[in-house]
*Asks:* 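Got a structure for you, written out below as structure tokens; questions coming shortly.
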Amino acid sequence: MPLLRQLEFAFKTEAASVSDASRFTQRSGYRAVYLEEKARELLRAYGAYRMARELRVEWNSRLKTAAGRADYRQKLISLNPQLFEHPTEIDRTLRHELAHILAQFRAARRRVLPHGAEWRQACCDLGIADEKRCHNLPFKVSESARRYVYKCPQCQRDFPRVRRIMRAVACLACCRAHNGGEFDARFRLKLVRL
Ligand SMILES: [Zn+2]
Ligand SMILES: [Zn+2]
């Protein structure tokens with residue numbers, strides 16, 4: 001059942017804060033134009049020339065817990081500025097969202113499932129064959145909003161949440177370290193505080 005395969009990213013919390021976001025966007029590797037050019041180059045490599053001309057990439061602070069979003073009709077990839085706290089995930093998130101665009105581009109008018117076979121194929125083509133469907137990150141939420149705290153029974157990392165987690169969610173760091181990145185119920189997050 002795909003719902004049971006949802007994975008949760010676990011990261012070390014680093015010093016950078018969202019207020020550093022604007023400074024980060026000035027750095028070459030993180031600038032939207034740079035990411036946009038990278039995305040366009042990947043699209044051209046797969047013959048999606050028209051999409052490559054029109055695709056835009058933006059940082060959008062309205063994204064809350066999603067790391068990124070792909071809007072095929074608007075030809076727009078939005079990335080969450082909180083990714084600055086997880087710089088190694090920026091490229092992967094860009095490719096994840098780009099895979100949504102590429103999969104729908106290839107399917108033309110036929111609708112494809114968001115994380116279905118076409119998307120997985122696109123992920124392989126874009127160099128992230130092991131990508132999982134979940135693109136939530138343990139983004140900081142304001143202290144008052146953190147109503148639920150979950151914990152990984154293996155690495156003991158905390159996962160503060162605004163809402164109760166209704167699905168089986170496991171710690172991705174531990175799934176990667178001990179189970180090849182596949183969902184493993186041993187690392188399922190446990191509710192420790194309401
Ligand atoms: Zn996705
Ligand atoms: Zn863990």
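Indexing begins at 1, ligand by ligand and atom by atom, following the structure's order.
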*Asks:* Short check: any N/O/S atom of Cys152 below 2.8 Å from the Zn ion (ligand 2)?
*Replies:* yes

*Asks:* Taking the Zn ion (ligand 1) as the vertex, what is the angle from NE2 of His96 to NE2 of His100, given to 10 degrees?
*Replies:* 110°

*Asks:* What pair of heavy atoms forms the shortest contact from Asn60 to Ser78, and how long is it?
*Replies:* CB-CB, 4.0 Å

*Asks:* Which angle, to 10 degrees, forms at the Zn ion (ligand 2) with SG of Cys174 on one side and SG of Cys171 on the other?
*Replies:* 110°

*Asks:* Would you list the pairs meeting salt bridge (Lys or Arg N to Asp or Glu O under 4.0 Å) in which at least one residue belongs to residues 47-59, sequence neighbours left out?
*Replies:* Glu54-Lys75

*Asks:* What are the two closest heavy atoms between Phe183 and Cys175, and how far apart are they?
*Replies:* CA-SG, 4.1 Å

*Asks:* Taking side chain to side chain donor-acceptor pair (under 3.5 Å) as the definition, give me every residue that meets it alongside Lys151, ordered by chain and number, with sequence neighbours left out.
*Replies:* Asp158

